[in-house]
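These notes are about the structure you will find just below.
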Amino acid sequence: MSSSIPKVYRNAKSVVNSYSNRLNVISDTYRRATIPKRIGFDRLSRQKMNEPPEYELLPAAYFKYLPKGDPPVLHWREEPGIWKKDPKTGEKVRVNNVPVNVVYPRLSQVGLWGGEGVIKGYAKAHKTRGFRYPRTWKPFITTRKIYSEILDKVFEIQCTLRALNNIDEAFGLDHYILKTPPEELNSLLGMILKRHMLLALARKDMYPNDPEKKDMIYEKYKQYEVPEDEAIWVGLTRGEAVTLYRKLLPPQEKVRPLKDVYTEELLSKLKGMKNTLTEEFIPEEKPKSSFMSRIFKRGKDD
């Protein structure tokens with residue numbers, strides 16, 4: 001009876017049982033493989049080629065508040081070693097260290113997501129059998145009204161539950177924004193709020209009609225104070241930082257666009273050539289004769 005069954009179907013069960021082990025071997029080989037060199041004109045190279053010349057001349061205060069790396073990994077931890085013991089069966093299985101693919105959409109930059117993002121991966125149709133299908137996990141986003149003591153304003157911000165928990169643990173929005181590093185904050189809105197908070201502390205521009213509360217708030221957040229020359233560079237994009245750098249430069253040190261320089265050179269050359277052009281190409285004006293002389297042909301011929 002068994003000889004009548006094709007060999008492919010007889011080996012199907014063994015193939016399914018070893019499918020997970022094959023995936024582990026493939027993932028381990030991919031992890032151990034050398035990273036290929038990037039091509040010359042990738043996205044980062046094109047971005048560097050399009051940088052304005054003043055970008056490298058920006059002060060150190062601007063680069064101090066730039067993200068030092070990728071956001072911290074929240075949904076995956078690397079397991080040490082290559083093999084581990086299954087807690088249920090006690091068998092020796094290979095460690096599957098495959099990083100989680102996290103995507104941070106543009107919507108996360110206009111809210112406070114607490115470092116969370118959209119996870120793209122695969123899920124199993126059944127725990128022990130079945131095929132995998134692509135799946136996307138999105139964080140739960142809610143809109144909350146949050147009060148800032150330094151700015152004395154209520155902001156309506158789209159937050160995740162993790163961001164709300166971090167705000168509660170930090171005892172307020174101001175503490176959370178000021179003490180969280182840029183790579184963990186991972187939000188353009190958060191960096192803009194940090195810039196306005198630091199400027200308010202540096203200029204002491206808080207509660208103009210209530211001096212007592214102004215002193216109380218200043219003493220509460222005095223530990224985060226930085227000089228105003230440093231606070232003006234916080235939370236700026238690349239284009240905004242270059243524009244501010246050009247405005248702060250003295251007139252004699254400003255970098256002028258080449259089109260303006262070439263236009264002035266061309267105008268100066270045309271002014272020098274004006275006399276030669278009039279002498280060579282413009283004929284001399286003849287004296288005009290009177291009306292009566294032209295009628296009786298007593299004037300000079302035209």
Less than 4.5 Å apart, side chain to side chain, heavy atoms only: is that true for [X] and [Y]?
{"X": "Ile146", "Y": "Cys159", "answer": "yes"}
{"X": "Asp260", "Y": "Glu264", "answer": "no"}
{"X": "Met206", "Y": "Leu201", "answer": "yes"}
{"X": "Thr136", "Y": "Val118", "answer": "yes"}

Checking [X] now: which residues fulfil side chain to side chain donor-acceptor pair (under 3.5 Å) with it, not counting sequence neighbours?
{"X": "Ser148", "value": "Asp174"}
{"X": "Thr243", "value": "none"}
{"X": "Thr89", "value": "Asp86"}
{"X": "Arg144", "value": "Thr142"}

Summary of side chain to side chain donor-acceptor pair (under 3.5 Å) pairs that have at least one residue in residues 183-195, sequence neighbours excluded:
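For residues 183-195, and leaving out neighbouring residues, there are no side chain to side chain donor-acceptor pair (under 3.5 Å) pairs at all.
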
What side-chain donor-acceptor pairs closer than 3.5 Å can you find for residues 224-232, not counting sequence neighbours?
residue : atom : partner : partner atom : Å
Tyr224  : OH   : His175  : ND1          : 3.0
Glu225  : OE1  : Tyr218  : OH           : 2.7
Glu225  : OE2  : Tyr218  : OH           : 3.4
Glu228  : OE2  : Arg203  : NE           : 2.8
Glu228  : OE2  : Arg203  : NH2          : 3.2
Glu230  : OE2  : Lys64   : NZ           : 2.9
Glu230  : OE2  : Tyr65   : OH           : 2.9

If hydrophobic clusters are built from ILVMFWY residues whose side chains come within less than 4.5 Å, do [X] and [Y] share one?
{"X": "Leu66", "Y": "Met197", "result": "no"}
{"X": "Val73", "Y": "Val102", "result": "yes"}
{"X": "Leu57", "Y": "Leu236", "result": "yes"}
{"X": "Leu199", "Y": "Tyr245", "result": "yes"}
{"X": "Val242", "Y": "Met191", "result": "no"}

What are the two closest non-hydrogen atoms of [X] and [Y], and how far apart are they?
{"X": "Leu173", "Y": "Ile167", "value": "N-CG2, 3.8 Å"}
{"X": "Trp233", "Y": "Tyr62", "value": "O-CD1, 3.7 Å"}
{"X": "Ala123", "Y": "Arg135", "value": "CB-CD, 4.1 Å"}
{"X": "Asn97", "Y": "Gly81", "value": "ND2-O, 4.3 Å"}

Scan for ring pair (Phe, Tyr, Trp, His ring centres under 6.0 Å) pairs involving residues 135-155, sequence neighbours excluded, and state none if there are none.
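Sorted pair list comes back empty.
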
With sequence neighbours excluded, what pairs up with Lys84 under the salt bridge (charged side-chain N to carboxylate O under 4.0 Å, His left out) test?
Glu79

Go through the structure and list residues passing salt bridge (charged side-chain N to carboxylate O under 4.0 Å, His left out) with Lys220, not counting sequence neighbours.
Glu149

Kindly check if the number of other-residue, nucleotide or ligand heavy atoms within 6.0 Å of CG (Asp70) is above 12?
no

Residues, nucleotides or ligands: over 12 heavy atoms within 6.0 Å of Lys68 NZ:
yes

Cluster partners of Tyr122, using ILVMFWY side-chain heavy atoms under 4.5 angstrom, listed by chain and number?
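Via sub-4.5 Å side-chain contacts, Tyr122 links to none.
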
Residues sharing Phe131's hydrophobic cluster, by side-chain heavy-atom contacts under 4.5 Å among ILVMFWY, directly or via others?
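ILVMFWY cluster around Phe131 holds nothing else.
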
Distance, nearest 0.5 Å, that separates [atom1] of [X] from [atom2] of [Y]:
{"X": "Leu244", "Y": "Glu240", "atom1": "CG", "atom2": "CD", "value": "9.5 Å"}
{"X": "Trp83", "Y": "Lys92", "atom1": "CH2", "atom2": "NZ", "value": "6.0 Å"}
{"X": "Tyr221", "Y": "Leu198", "atom1": "OH", "atom2": "CG", "value": "13.0 Å"}
{"X": "Asp152", "Y": "Lys214", "atom1": "CG", "atom2": "NZ", "value": "13.0 Å"}
{"X": "Leu189", "Y": "Ile177", "atom1": "CG", "atom2": "CD1", "value": "7.5 Å"}
{"X": "Lys179", "Y": "Leu185", "atom1": "NZ", "atom2": "CG", "value": "12.5 Å"}

Scan the side chains in residues 104-117 for donor-acceptor partners under 3.5 Å anywhere in the protein, sequence neighbours excluded, and list what turns up.
residue : atom : partner : partner atom : Å
Ser108  : OG   : Pro105  : O            : 2.5
Gln109  : OE1  : Leu188  : N            : 3.1

